[in-house]
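Please read the structure below before turning to the comments.
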Amino acid sequence: MSLTGGELEAATAVDGIGDEVAAIESRSLLAIAWRRLKTDKLAMAGGVVVILLVLVAIFANVLSKIYGQSYLDQHNSGGGQLLDPLTSMPKGSFGGVSGSHWLGITPVLGQDVLSLLLFGARTSLLIAVSATALSLILGVSLGLIAGYFGGWIDMIISRTMDVLLSFPVLLMSISLLTILSIFSTSGSIRFVVIIFVLGFFPPGFPYIGRIVPGQVL
């Protein structure tokens with residue numbers, strides 16, 4: 001049986017719609033998210049900024065050498081000659097800004113500000129990634145346990161997370177750092193405490209741990 005012209009066009013249109021639906025269904029979640037992200041110019045601009053900051057943190061040593069202020073220079077008071085001996089303040093205007101020190105130098109120690117920012121970005125990135133990893137590990141693990149077993153296990157985990165959600169994270173971090181500074185002056189211990197506070201207390205694993213059980217169910 002042969003199809004008329006109208007029937008052939010209708011069949012072709014239906015086949016085209018079917019192929020398009022199949023193409024949409026075959027996309028992964030990552031592909032769908034990327035397609036939506038590409039249409040948001042503000043989000044794309046923010047992503048570029050984040051990538052630049054990450055690259056600056058990773059290549060801080062290289063950038064500081066190109067800039068002319070190495071890691072040792074910015075820690076060993078290399079700019080002492082640029083400070084006023086009476087006030088310990090930077091000589092010149094704008095905090096000692098010059099061709100050698102684009103953002104000036106710090107009072108008292110005479111360290112280069114831009115070099116400090118480069119290495120400070122690395123420290124901030126390390127703490128942020130570590131705290132996020134801790135939040136994911138705790139949140140996903142406890143959320144899976146609560147959602148899978150349910151019952152009294154779910155109740156205990158959920159109520160514990162409710163208690164943690166009531167803690168003010170800023171006050172907790174200040175208190176813990178103050179207490180530990182009395183007993184220890186190690187900078188590495190302070191980093192560990194900051195990572196623990198940011199990853200353990202909200203906004204940390206309790207938010208993730210409340211979402212994952214619902215996804216499990």
Side-chain angles (χ1 to χ4, degrees), residues 20-60 117 119-184 186-217:
E20 184 178 353
V21 172
I24 293 175
E25 291 178 348
S26 65
R27 291 194 183 100
S28 64
L29 292 176
L30 182 61
I32 295 174
W34 173 243
R35 182 181 180 185
R36 293 178 179 177
L37 181 63
K38 288 191 298 184
T39 60
D40 192 338
K41 296 181 179 180
L42 187 60
M44 291 295 292
V48 171
V49 173
V50 170
I51 293 174
L52 289 176
L53 292 176
V54 171
L55 293 176
V56 166
I58 294 176
F59 298 103
L117 289 176
F119 289 98
R122 173 181 294 180
T123 303
S124 299
L125 182 64
L126 177 62
I127 292 175
V129 171
S130 301
T132 302
L134 178 62
S135 299
L136 287 174
I137 293 173
L138 293 176
V140 173
S141 300
L142 293 177
L144 288 173
I145 294 173
Y148 181 79
F149 291 101
W152 62 272
I153 296 178
D154 183 17
M155 183 185 67
I156 292 177
I157 294 177
S158 298
R159 297 296 77 80
T160 302
M161 291 182 181
D162 289 339
V163 173
L164 291 175
L165 286 171
S166 66
F167 276 89
V169 60
L170 183 59
L171 293 179
M172 287 297 301
S173 59
I174 294 175
S175 301
L176 289 175
L177 287 174
T178 303
I179 293 173
L180 288 175
S181 64
I182 298 176
F183 299 100
S184 175
S186 175
S188 58
I189 294 180
R190 295 185 180 181
F191 285 155
V192 172
V193 172
I194 294 175
I195 292 171
F196 172 77
V197 171
L198 293 179
F200 192 79
F201 294 99
F205 89 92
Y207 286 129
I208 303 175
R210 295 303 297 272
I211 296 174
V212 172
Q215 298 296 322
V216 174
L217 294 175

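In this text the structure is predicted, and so the values were computed from the model without any measurement.
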(message) Whether the side chain of Ser166 engages the backbone of Val163 through a donor-acceptor N/O pair (distance < 3.5 Å, no angle test) should be reported.
(response) yes
(request) Would you confirm whether Ser130, through its side chain, and Ile127, through its main-chain N or O, come within 3.5 Å as a donor-acceptor pair? (result) no
(message) Quick check: do Phe205 and Leu142 have side-chain heavy atoms less than 4.5 Å from each other?
(response) yes
(message) Does any part of the side chain of Tyr148, heavy atoms only, come nearer than 4.5 Å to the side chain of Leu217, both counted from C-beta?
(response) no
Could you give the distance from [atom1] ([X]) to [atom2] ([Y]), rounded to the nearest 0.5 Å?
X      : Y      : atom1 : atom2 : result
Thr123 : Ile194 : OG1   : CD1   : 10.0 Å
Leu138 : Met161 : CG    : CE    : 8.5 Å
Arg122 : Leu53  : CZ    : CG    : 14.5 Å
Ile153 : Ser158 : CD1   : OG    : 11.5 Å
Trp34  : Thr39  : CH2   : OG1   : 10.5 Å

Indicate the atoms forming the closest heavy-atom contact of [X] with [Y], along with that distance.
X      : Y      : value
Thr132 : Ala128 : OG1-O, 2.8 Å
Leu37  : Met44  : O-CG, 3.5 Å
Ala146 : Pro213 : CB-CG, 4.2 Å
Pro206 : Leu164 : CG-CB, 4.0 Å
Leu198 : Ala131 : CB-CB, 3.7 Å
Leu165 : Arg210 : CD1-NH1, 4.3 Å

(message) Is it true that, when you exclude Arg159 itself, more than 12 heavy atoms of the residues, nucleotides or ligands shown sit nearer than 6.0 Å to its CZ?
(response) yes
(request) Applying side-chain contact (heavy atoms from CB on, under 4.5 Å), run through Ile195 and Phe200 and close with a yes or a no. (result) CA-CA 8 Å; Ile195 292 171; Phe200 192 79; over 6 Å; no
(request) Test side-chain contact (heavy atoms from CB on, under 4.5 Å) on Asp40 and Arg36 and set out the steps. (result) CA-CA 7 Å; Asp40 192 338; Arg36 293 178 179 177; over 6 Å; no
